[in-house]
Structure formats: structure tokens, C-alpha cells
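Chain letters run A, B, ... following the sequence lines, proteins first and then strands; every chain starts at 1.
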There are 2 protein chains.
Amino acid sequence: MYDVARVAGVSQSTVSRALSSHSISALVDEDTRQRVFDAVKQLNYRPNRTARSLRSQQTDLIAVLIADISNSFYHPIVRTVQDVADVHGYDVLIANSDHSYNKEKHFCESILRRPVDGIIMIPYHLSDDEIDQLITLTGAQIVVLGDHIHHPLVDYVWVDDEQATYEGIIWLNEARGHQRIGFIGVPESMPPGPRRWHGYKRAMEDLGLPIEQDLVSFNGDFSLESGQRVLGEILSSTKPPFAVFACNDLTAIGASAQAKKMGYTIPQDIAILGFDDIREAALVTPSLTTIAQRPKEIGEKLTELLFDRIENRVTGPARQVQVEYEIVIRESA
Amino acid sequence: MYDVARVAGVSQSTVSRALSSHSISALVDEDTRQRVFDAVKQLNYRPNRTARSLRSQQTDLIAVLIADISNSFYHPIVRTVQDVADVHGYDVLIANSDHSYNKEKHFCESILRRPVDGIIMIPYHLSDDEIDQLITLTGAQIVVLGDHIHHPLVDYVWVDDEQATYEGIIWLNEARGHQRIGFIGVPESMPPGPRRWHGYKRAMEDLGLPIEQDLVSFNGDFSLESGQRVLGEILSSTKPPFAVFACNDLTAIGASAQAKKMGYTIPQDIAILGFDDIREAALVTPSLTTIAQRPKEIGEKLTELLFDRIENRVTGPARQVQVEYEIVIRESA
DNA sequence: TTGTATGCGTTATCAT
DNA sequence: ATGATAACGCATACAA
């Protein structure tokens, strides 16, 4: 910057002013600005973001915490975040939580050392208090996907997956005639799991259907492998025909593969309903009937909410944005 | 740091020394170090990485440039990079090039503004000169996947996909008896494309088989959609039976879907051979016969090479690491 | 409108 | 072994 200043025949602070985009015009003479720009070009000068960050306490960096980069559900979300962030001149840090509370805490530690301007978390196990601490300690804006948070400054995007699951189960009964409907879930500590479980339970109650213990499991972990394993466990204690709702598509696809491997026909012997509508859902055979989320829209909303706050367009209380879902009927149920 | 110094009853510079990990022991008295650590704990102090970066010219940040986060081929690679980087205390920036030269240049621009300690590029279109410039301008270490670079300081990991493709084509003929073998490729500007094309051509020559123009296309772009489109184009100008090699699995899966949609049977009417062995390859029906790469190993090697240099264990001339491939025989060919 | 001077939180050089 | 002190490259309060 000093070099630029020398070439342009001005002081370093004038260069700084000329280059700082937010203080548009007014602060520096048009003629001076031009000289500075010429010098910048001539010297091929680039501002150093590290120095700028140190001084301005702003990093032009956002972090995205997802469960796992290899779960396709997150791709359209992350990709949208990356693209929008890029337009705003921001870079994107991506970390995986593997649905683990410990890794989320680890993530917070990282963020404490390398402050970012904004954080997007999907999903998250942190308590309101922990989120609050993260905010006050780092000064970052936070937006999340999910509705189990109530912090005055944390905007969230949410999908009513309790109701979505409810409707899915009702549909399995009313449209497909299933009486025996199972549930492949995850431990209570994995956020969207319990909500979907409640939707299932409510639906079964409203339908007057018994919940068969043999058809219910919380041993999944959102992975394809866990779907295979859990369906195997179920089949070792009870026999088809039945239908089963899997907490996400990866699990559903695993369950489907396992059922096929054990010689059962889908959906005749075992009907399977998933959740998410990831790309693979349409690719597998039989293709997966599932409750579709709209990840691109989710990504857009999250990023919008975040930049609204990062760029100070919004300072008021937490906002909520709901994104729709829909049942996509394919072959597995 | 000043607060810590006050509590520990030492000077700020002593705190710095006590905390700087590379200057192990020796520099500061064990007793003093302990007092500092206690103070750090008591005050819940965290070093500020931005300030550290400004001073040390080291960012503890690496960037990974991939084509597209939604292509599963990259997931195990990226995930490995993230995990290893985390162990080293590094954060990972991820950017998408969409196989576009312009976006790669854009990426370089970003990196120029926000220096990183290391860069992993897969794939890349940049010329040796451009890479060289990136290195001298940013001081970053660079490692790449692919062998079309010759820079004295850029280590690379490579898979002999020319030979892999060659063997794949030979296999289609010798093991499966195909005489008519097509090629779904990409424009010459997309790095691994040409290498695979050469492997195909060499195999066809060695087999004494004619290359039918109607069965060859460079209109793909590594996407699923392009596979559908290109196979449609091929089918509009010639009729099965034939076999076709697709430049990557996504394209192969698209082609497979299109063939099925148009009423053809795989592999009887149209046999399909892919490249990569992404997770979906085993999931689709018919499951995809493909040339498997070892993405996890690729990720490990890339990260190893990179940190060897970042952490100054290696300073010599560029190293090359070759990773194996193998044909995975499933149902599509 | 421009320049001077200061400090953001570290690391590193130099004395002591 | 420790403590002053000077950068690192920039943004900004204040003075001119």
C-alpha cells in the first residue's frame, strides 16, 4: 500500500480510503481515486485480507458446519452457500460434525481461534447457551437449519418434518393400505430424528395402529450402512409384509439394498419410505418414494438470512423462514 | 495476551514464547510455562489466528479446488483432506471450478487476496506458467491430481488413466466380445478427458477395430445430464447393439438411464463402462461396471505431499506418486 | 479532501 | 530465560 501511495503521489491512508468500497466516493477526490487505481493496476497490488481482518475485526469468511460432506443432501445447500458467498466476496470454510456433539464442540473451538463473520449450522446439537456463548465470544452471526433453538439473534430456516413424517405415515396407510408400519430412526441425540419420530408416533395414534416394537429401531445413524444393518435386525425378529419409514434417504437406500439381498421384493414384501429426496433416490432400483425437502431453497434462505445480518441490513430479533416439503411417489412404496 | 501476561506475572513476549509450539521447551523456564498455562486456562484465552497470520505470514489454511462438490468422486478425497488438515490444526477452504478455466482463474484471484499455506487442485486447467505465478505471488505450496504439469516445486498424484482406459476397452473386446465400441467424452479443454480419449484410441488401433464416428462424442461435461443427452444423440444416428465407454461414472449413469428410458436393455443392447467407481455406481440398476480409482488413497497422498512441504519436511524437487486403478465388473458391461 | 499517527494481536529481534 | 521494542499491512480518529 505504501508503494501504491508513492506511485500515486498520495499518502497510504488515502490509498486505503480510495480502495475501501463501503466508503463510496465523497471521502476521496475522483481525480485522486483514479491515480490510486492506476497505481494499483501498475503495481498489480492486492490488499492483504489478513491485515484487513486484524484491523477491521472482519474476516470475510463464513463457516458451514454440516454432518458429512458425502451425504448428498447437503450438496445443493453447500453449493448455494458457496456461490452466494463468492458473489459477496466471502470464502467458505466447511467442517463435518458427523452428527457428533463432540465434533461440534471441536468446531466451536476452531471458530474461537479463527473468527468468522458468519456460521451456518445444519444440523446442530448445541444448546441455546452454547450458541449464545459462541456468539458473544466470536461476534459471528449464526443461522441454522432446524427449529430447536430459541436465541434472540439466531435466524433459522425450518422444515416441518414432524408434520411431513406424519403425512407420510398417513399416506402409507391410506393410499397404500399398510397396517404394519415400522420406523428406522436414530438415537435421540441426533436432532432431526426425534421430530420425525414424533410425527410417526402421532400418525400411528391417529390411525389407531399399534406400534410394533420389532418394527421400530433407533440404531440408525443416517448412514447407508446403518440402513442395511437395522433392516437386517428387524428381519431377524419379524417377517414381512410391512412398510417402514426410514429417517433419511441414505438409510432408506441401505434398507432397500438389504431387503433385496435377503430375497424380499419391494414394495410388495417391504415398502420403504425415505426422507430428503437426495439425488440417489431417483437412481436406485426400485426408485425411492420419499419426502422431498428443497435443499437449494434451504441454502438460499440460509445464506440470505446470514448476509442480511453480516451486512447489517437486519439487526432486529430472530427471524424464521419455513420451507415446504412434499411426498415424491416412486416405486419403493 | 497482555492479560495473560499480567495474571502470570510475566511479559507479553514471554507468553508468546510459552505458547508457540514449535519452539519446544528450552526457550522458557518450565515453571514460567506452567504459570502461563494456568493463566491461559483461567482467562480462557485463545490466540488470535488473524494476528498470528499477519505476523508470521502463515495462515494455517489450505484451499482445495475441485470441479464440483456434488460429484461424489471428490467426497472421499475432500473428506480425507479435511480430516488430516484438522489434525494439523489447519482449516480447509473449498472452491468449485465446474471444470471451467475461468473459475480457476477466479479462484487464483481469491487466493491472491487471501493467501493460504497450501493448495490442492483436482483437476486443473492452469498452465505451468500460471501455476508458477500463483506460487511466487502467494508463496503457497501446491499439489495437484493429474500429470499434465511440470513445475519443479509442484508435487503431483496421478493415476494412469490413459492406460486404465486402454485396458478397459481391451477388456470390452476380449472378455465381452464387443466390436463396436463408442466413446462419450468431453471437450479437449477438460483435463482428464483427452488422456482417456488417447487410451481409447490406442486400444481401438491395437484391436484393429474401426472408430465409428457415430459412436464417438465430445459433447459430455462429466455431468449426469450430459450422459443422458449424448447417448440420446448417439442413438439418433446409429442403432444398437454396441458398447460405450463414458469418461466418468456420472456420465455413464446418465447414459444408462437414457438407454433404459428408450427401451434398450443393458448390457445386451448397450453395454456401458464407466470411470471412477463413485458410490452411485454400485447403487444403480443395472449396477455399473467401471474403472475404479482409489479416492481415499488419492486424498491421503495429496495431503501427505502437501504437509510435507508446508511443514518443511521436504524442500527438494517435485515428487510424483502413482495410485492404482482396477476394473470393477458389475452388470452394465 | 488529505495527511499523520495510532493500534488491531501477534511473532521475532535484540538486549539484558 | 526474560523483557523491551519493532514490525506485519491495513483502517480510522484526528488534525490540517
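Listed pair B/S20 / C/dT11 fails the phosphate criterion, with no side-chain N or O lying under 4.0 Å from OP1 or OP2. Here B/T14 reaches the OP1 or OP2 of D/dG3: one of its side-chain N or O atoms lies under 4.0 Å away. The phosphate of C/dG9 has neither OP1 nor OP2 within less than 4.0 Å of any side-chain N or O from B/R52.
Nearest to the side chain of A/R55, among D/dA4, D/dA7, C/dC8, sits C/dC8. In the set C/dT10, C/dT2, D/dG3, the nucleotide with an atom closest to the side chain of B/A51 is C/dT10. Distances were taken from every side-chain heavy atom of B/N48 (C-beta onward) to each of D/dT2, C/dT10, D/dC10; the shortest belongs to C/dT10. Comparing atom distances between the B/Q12 side chain and each of D/dG9, D/dG3, D/dT5 picks out D/dT5 as nearest. Relative to the side chain of A/M1, the nucleotides D/dA11, D/dT2, C/dG3 differ in distance, and D/dA11 lies closest.
Side-chain atoms of A/V143 and A/V154, non-hydrogen and from C-beta on, never get closer than 4.5 Å to each other. Contact check for B/Y156 versus B/D147: side-chain heavy atoms found under the 4.5 Å cut-off.
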Report each atom pair, protein N/O against N/O of nucleotides 13-16 of chain D, whose distance is under 3.5 angstrom.
none

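In this structure, the CZ atom of A/R6 is 14 Å from the P atom of D/dG9, given to the nearest Å. Spacing between atom CG of B/D60 and atom C1' of C/dT11 amounts to 13 Å, rounded to whole angstrom units. Rounded to an integer number of Å, the gap from CD of B/Q34 to C1' of D/dA1 is 17 Å. Between A/R114 atom CZ and C/dG9 atom C1' the separation is 15 Å, expressed in whole Å. One can place CD of B/Q57 at 11 Å from P of C/dA12, the figure rounded to the nearest angstrom. When rounded to the nearest whole Å, the span between CZ of B/R35 and C1' of D/dA1 equals 12 Å. Between B/Q58 atom CD and D/dG9 atom P there is a gap of 15 Å when expressed in whole angstrom units. Per the geometry, CG belonging to B/L19 stands 9 Å off P belonging to C/dT10, to the nearest Å.
Salt bridge status for A/D38 with A/K41: absent, with no side-chain N to carboxylate O gap under 4.0 Å. Checked for salt-bridge contact, A/R113 and B/D60 miss the test: no charged N lies under 4.0 Å from a carboxylate O. Between B/D155 and B/R309, at least one side-chain nitrogen of the basic residue sits less than 4.0 Å from a carboxylate oxygen of the acidic one, meeting the salt-bridge criterion. Using a cutoff of 4.0 Å between basic side-chain nitrogens and carboxylate oxygens, A/R33 and A/E30 are scored as salt-bridged. Between A/R114 and B/D91 there is a salt bridge, since a side-chain N of the basic residue sits under 4.0 Å from a carboxylate O of the acidic one.
For the side chain to side chain donor-acceptor pair (under 3.5 Å) criterion with A/Y101, the lone passing option out of A/H106, A/H125, A/E130 is A/E130.
Among the atoms of the strands shown, only primed sugar atoms or phosphate atoms (P, OP1, OP2) are found under 4.0 Å from some heavy atom of B/T32.
Remark on DNA chain D: of its neighbouring residues B/V10 and B/L54, the 5'-side contact belongs to B/V10, judged by nearest-heavy-atom nucleotide. Residue A/Y2 is the one, among A/Y2 and B/R49, whose nearest nucleotide of DNA chain C lies closer to the 5' end (criterion: closest heavy atom).
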